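Attaching a single structure in structure tokens format; questions to follow.
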Amino acid sequence: MDDDRYDSKTIEAKWQRVWEDAGAFHVPNPADPAAATRKTYVLEMLPYPSGELHMGHVLNYTLGDVVSHVRRRHGYAVLRPMGYDAFGLPAENAAIREGSNPRISTERNIEAIRRQIKRMGWSIDWAREVSTHEPEYYRWTQWLFLKLYDAGLAYRKEAPVKWCPNDQTVLANEQVIDGRCERCGAEVESRNLEQWMFRITDYADRLLDEMALLESWPERVLTMQRNWIGRSEGAEVTFHIGELDVDVPVFTTRPDTLFGATFFVLAPEHSLVEQLAERSPHADEIRAYARRAAARKGEERAAAVEKTGVFTGFYVTNPVNDAEIPIWVADYVLMEYGTGAIMAVPAHDERDFAFAEQFGLPIVHVVAPEDGEVEEGAAYVAHSENEVLVNSEQFSGMPAPDGKRAIVGWLGERGRGRPAVNYRLRDWLLSRQRYWGCPIPVVHCPACGIVPVPEEDLPVLLPEVEDYMPKGRSPLATATEWLHVPCPSCGGAAERETDTMDTFVDSSWYFLRYTDPLNDREPFDRGMVDYWLPVNQYIGGIEHAILHLMYARFFTKALNDLDLIGFREPFARLFNQGMIYRFGAKMSKSKGNVVSPDELVDEHGADAVRLYILFMGPADQDKEWQETGVEGTSRFIHRLWRVTHDELEREPTGVTTGTPLARKAHATIAKVTDDIERRFVFNTPVSAVMELVNDVSRTPDDPASRFAVETAVSLIQPYAPHVAEELWQRLGHERLWETAWPVADESQLERDTFELVVQVNGKVRDRLVVETGLPEDELVALALASPRVQAHLDGFEVRKTIVVPQKLVNFVVG
RNA sequence: GCCGGGGUGGCGGAACUGGUCAGACGCGCCCGACUUAAAAUCGGGUGGCCUCCGGGCCGUGCGGGUUCGAGCCCCGCCCCCGGCACCA
């Protein structure tokens, strides 16, 4: 190799081999987890092997790599594993597209991704590699499922569920975006099916409250999860239908407006609708309306400009005043939320008001602004602060919050209501009618019902089938030999469950498996998970703000309840990187705007690509890909190379303090360290090192040039580890990856002199170089002595003088 | 409608606790050096307007305010991105 030319290919291959041979990034588990060590767990979301890596992955894993390198060089044992989220729709659909078997295409993709990862030079502990589709892994996914089943947290239930007609499977609510399948974009349908669910709703409150245990999560993610859980406090109030002698509960957040309920509405899907229709003279009309409404999609119903509905001819009794109010059926009431029935208070609810207007129903005001006066001819009154109850018998005059409590209390005493909390969150539907997933380890026995597969029979292997195309029933059903088994309980003929698990089940515990990936007796060792977890820094895309991140939190809490782990939140700190756009759109194959990391690495080397992806801008913001951007960081590497080689021509002086270049180097150490560790920003450190290198090339005769060059090489190592290691070696050192992170000399951050800014009325009029530490009056005297300042003071009276030590003097004149 | 994030040169962005004429660093562009030439590389310039070349005025989405001083704080708007939404 020509020593004077930078060649990324040779250098990167060389150092990747060195690291591998040295086991540089392998971190063994401690023999005694109780012994205090400096350790940290840095984790990035694992990739789906449905294709190759894209620039989003490059950003994700380079971010994690910088954090890992810096922490390692601070003396931490860094757990930094990698794995593959191999099961699931994306991988299976990719296999179908290319007419290949999912296992074969997934494993081929894994190999390609592994090769890409190694080419990028990310510092990973390969001894901990896992893939969710391997029996050694999914055996424990099944084991955990059975633990949740035993605890009553996994159950089977028939319910209206979301069905994707294209992917031929049910979906979790979280996988439906604007009424469409998150994966393929097809419009989802509603079906009544018996499916496997996880009781995540039991954890709704803890998913909210235990956000307090998190060290640092982006506000937007917490907000999204709060919105998704959708907790609202109110009351359940029981209304009575005399004719049927049935009680109908409703949920309301406004029990204070109960006296204003002038009608009552059932969702078209409500079971009482048919019961009422049977006895009603308008039976046909009611049934026709219910059928019409059911046929409309939720979005259509929501978008309707005019409210629709039909009167049933029956009445219900308002429990607070025994008023008989008419029962209507209307599709603005949703069966999925609350109880599917509402009390309508048109004076204080916009939707009820619109309905009342449309059908000429009475409007009664029962809350008013604090003076208690209801405006003449008032219609709908928006909720406001300091309302008081009116027209509410003994409750009139109470401030609304008191009224709420009093009315709910009054109802409670009479058995007609109670405080209640309602959630938007639904249980997690986990079964899928697809081939490429973890088999659900239960057997259906005609005599015993659902029987869990005994632990010792795990894993239930995913059978080989000839045709794995989705057909609405799981392809596993065609594996007849696999399907028919004796019941583990009674020994009679039985059938295996043929649905597979949602891929999000696999990824809800993978971060635990990394701590003990080869364990064949249990999913993980309790001592090791408790030692490494919670993850100190988790990094991944915002697209998982709800899905994966909420499921993983749920799993962690459930496993904690089962006393399998000793912590309640999986990820202490979370960082979401922004999306990378090109030509104004998110990079995607279908839009044809992807930039291939491989091609960029071929052309510029992994170091230049790593530098650019972080230098582009704040890592958490979305940003536009710049075609010529990598050239800039590539040039920087060449410049660093040249500056280092120029330096090698000079005799080292040993000077590390006192010169302008020495001070710049110390300031750069301080800036880079603070940015990465405290501020968690990754673009400005690159700028700072560029400045340092620019300074070296401008002032090569500064005695501290060797120190400045070594500092630049050392600081850039987390970003560009290959070239840094090579230059470090040429500078006569070794193993930069385990060399202590540099520490700035505080005394070098202060200057003997500084530039004093002199302002007149807030405008800068002069800048003077003055000694550090002069008393204020001397600074003022020096400032007054400036002819430029005098020119602006001339003829005016100085009314006030502001002195900011180390910074400026401002004269206020007038 | 509710909640969260954001608006700075031709572009990506910087300014970290209100304090050095806002614009670091990089991209692009312009000029120069090297070259027969080009590329690469190196050096210089690059917010706008005016200029007697000293400098002056304007400028961080819009309008106000607080302050000696505001990109940063407060009030009222506009626009963009994301989440939730006939959720009772």
Side-chain angles (χ1 to χ4, degrees), chain A residues 177 218-232 234 250-254 257 265 267 298-299 301-304 307 330-334 336-345 348-352 354-355 382 422-424 542-543 545-546 578-579 611-612 615-618 620-633 635-636 638-639 642 671 674-675 678-679 681 683-691 693-694 697-698 754-768 788 799-814:
Chain A
I177 313 288
E219 199 49 51
R220 59 177 166 162
V221 174
L222 298 176
T223 304
M224 282 162 76
Q225 292 205 2
R226 276 190 210 103
N227 285 343
W228 189 262
I229 295 166
R231 181 190 151 101
S232 48
V250 303
F251 175 75
T252 177
T253 55
R254 297 293 307 277
T257 64
V265 188
E299 291 70 42
R301 279 163 65 159
K307 295 257 185 295
D331 70 359
Y332 81 95
V333 174
L334 309 174
E336 313 82 270
Y337 189 79
T339 63
I342 62 153
M343 62 175 215
V345 183
H348 307 294
D349 181 282
E350 258 181 297
R351 298 151 303 179
D352 298 343
F355 193 83
N422 203 47
Y423 302 90
R424 207 189 81 93
I542 187 72
E543 66 274 19
I546 294 170
M579 299 223 254
L611 271 169
Y612 179 60
F615 179 65
M616 276 177 84
D620 57 346
Q621 273 174 34
D622 293 346
K623 46 206 157 303
E624 178 79 15
W625 180 260
Q626 299 235 315
E627 300 306 318
T628 52
V630 189
E631 287 169 31
T633 51
R635 260 175 233 161
F636 164 68
H638 279 95
R639 162 178 286 196
R642 197 183 66 242
K671 159 104 183 135
D674 187 58
D675 279 357
R678 183 181 63 81
R679 298 178 64 208
V681 300
N683 52 331
T684 47
V686 181
S687 303
V689 177
M690 285 175 171
E691 281 186 55
V693 174
N694 288 347
S697 74
R698 275 193 276 264
F754 71 97
E755 209 161 22
L756 178 72
V757 173
V758 186
Q759 299 179 335
V760 176
N761 284 345
K763 293 207 172 191
V764 177
R765 294 303 176 187
D766 203 1
R767 302 193 295 171
L768 309 166
R788 286 161 175 252
R799 290 199 185 147
K800 197 169 170 185
T801 305
I802 287 115
V803 181
V804 182
Q806 298 291 323
K807 292 226 164 77
L808 60 81
V809 174
N810 185 14
F811 296 108
V812 184
V813 302

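All chains are named by letter (A, B, ...) in the order of the sequence lines, taking the proteins before the strands, and each is independently numbered beginning at 1. All figures in this text were calculated on a predicted structure; none of them were measured in a lab. FYI, side chains are in, hydrogens and waters are out, and symmetry mates aren't considered; it's all heavy atoms of this structure.
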Quiz item: When you measure from the side chain of D675(A) to the backbone N and O of V681(A), does any donor-acceptor pair fall under 3.5 Å?
Solution: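 No; zero donor-acceptor contacts below 3.5 Å.
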Quiz item: Taking only residues two or more places apart in sequence, or in another chain, which ones meet Y332(A) in a ring-ring contact (aromatic ring centres under 6.0 Å, His included)?
Solution: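 Result, ring-ring contact (aromatic ring centres under 6.0 Å, His included) vs Y332(A): F355(A).
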Quiz item: Which atom pair, heavy atoms only, marks the closest approach of M579(A) to D622(A)?
Solution: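 Taking M579(A) first and D622(A) second, the nearest heavy atoms are N-OD1, 2.7 Å.
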Self-check item: Exercise: identify the closest heavy-atom pair between A545(A) and Q225(A)
Solution: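 Where A545(A) meets Q225(A) most closely, the heavy atoms are O-NE2, 2.8 Å.
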Quiz item: Of all residues at least two apart in sequence or in a different chain, which pass the ring-ring contact (aromatic ring centres under 6.0 Å, His included) check with Y612(A)?
Solution: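 Result, ring-ring contact (aromatic ring centres under 6.0 Å, His included) vs Y612(A): W625(A).
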Quiz prompt | Sub-4.5 Å side-chain heavy-atom contact between T252(A) and V345(A) | solution =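 No, too far: nothing below the 4.5 Å cut-off.
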Quiz item: Could E219(A) and R226(A) be called an ion pair, given the rule that one side-chain N must be under 4.0 Å from one carboxylate O?
Solution: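 R226(A) and E219(A): salt-bridged.
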Quiz item: Should R635(A) and M690(A) count as side-chain neighbours, where that means a heavy-atom distance under 4.5 Å?
Solution: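 Result no, sub-4.5 Å side-chain heavy-atom pair not found.
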Exercise. Please measure how far the C1' atom in U20(B) lies from the corresponding atom in A38(B), and state the result in whole Å.
Key: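 Nearest-Å result for U20(B) against A38(B) at atom C1': 44 Å.
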Exercise. Using the C1' atom on both, measure A14(B) against C25(B) and round to a whole Å.
Key: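 8 Å, rounded to whole Å.
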Practice problem: Sugar-phosphate atoms are those with a prime plus P, OP1 and OP2; base atoms are the rest. Using that split, label each nucleotide of nucleotides 81-88 of chain B B, S or - for protein heavy atoms under 4.0 Å, 5' to 3'. | Solution: --BSSBBB
Quiz prompt | Rounded distance in Å between the C1' positions of G1(B) and C72(B) | solution =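 The same atom, C1', in both gives a distance of 30 Å.
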Quiz item: Nearest-Å distance, CE (M579(A)) to C1' (G6(B))?
Solution: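 Answer to the nearest Å: 15 Å.
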Practice problem: For G7(B) and U46(B), measure between their C1' atoms and round to the nearest Å. | Solution: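 One C1' to the other, the span is 24 Å.
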Quiz item: Of all residues at least two apart in sequence or in a different chain, which pass the side chain to side chain donor-acceptor pair (under 3.5 Å) check with Q626(A)?
Solution: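 Scan of Q626(A) (side chain to side chain donor-acceptor pair (under 3.5 Å), adjacent residues dropped) gives none.
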Self-check item: Strand RNA chain B as a dot-bracket string - pairs counted if Watson-Crick or G-U with both distances under 3.5 Å, | where the partner lies in another strand
Solution: (((((((..(((......[.....)))((((((.......))))))((((....))))..(((((..]....))))))))))))....
Quiz item: Using a cut-off of less than 4.0 Å, is there contact between a side-chain N or O of K623(A) and OP1 or OP2 of G12(B)?
Solution: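 Looking at the OP1 and OP2 atoms of G12(B), neither is under 4.0 Å from any side-chain N or O of K623(A).
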Exercise. Look up atom CD1 in I542(A) and atom CE in M224(A), then write down how far apart they are to the nearest 0.5 Å.
Key: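 I542(A) CD1 to M224(A) CE: 5.0 Å, rounded to 0.5 Å.
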Quiz prompt | Pairwise C1' distance, G47(B) and G23(B) [rounded to whole Å] | solution =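 G23(B) and G47(B) have their C1' atoms separated by 8 Å.
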Quiz item: What string of B, S and - do you get for nucleotides 14-26 of chain B 5' to 3' if you count protein non-hydrogen atoms under 4.0 Å?
Solution: SSB--BBS--BBB
Self-check item: Separation of the P atoms in C50(B) and G26(B), to the nearest angstrom
Solution: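 It comes out at 30 Å once rounded to the nearest Å.
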Exercise. Starting at atom CG of L222(A), determine the distance to atom C1' of C3(B), rounded to an integer number of angstrom.
Key: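 These atoms are roughly 12 Å apart.
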Quiz item: For G54(B), is chi within 90° of 0 (syn) or not (anti)?
Solution: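 Base orientation: syn.
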Quiz item: Using the P atom in both, what is the distance from U51(B) to U66(B), to the nearest Å?
Solution: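 36 Å, rounded to whole Å.
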Quiz item: Glycosidic conformation of G9(B), syn or anti, with 90° from 0 as the boundary?
Solution: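 With its glycosidic angle within 90° of zero, G9(B) counts as syn.
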Quiz item: Under 3.5 Å, is there a donor-acceptor pair linking the side chains of N227(A) and R424(A)?
Solution: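 Checked: N227(A)/R424(A) side chains show no N/O donor-acceptor pair below 3.5 Å.
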Self-check item: A24(B) versus C42(B) - spacing of their C1' atoms, nearest Å
Solution: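 Each nucleotide's C1' atom is 22 Å from the other's.
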Self-check item: Gap separating the NE2 atom of H638(A) from the CD atom of E631(A), nearest 0.5 angstrom
Solution: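 Between atom NE2 of H638(A) and atom CD of E631(A) there are 11.5 Å.
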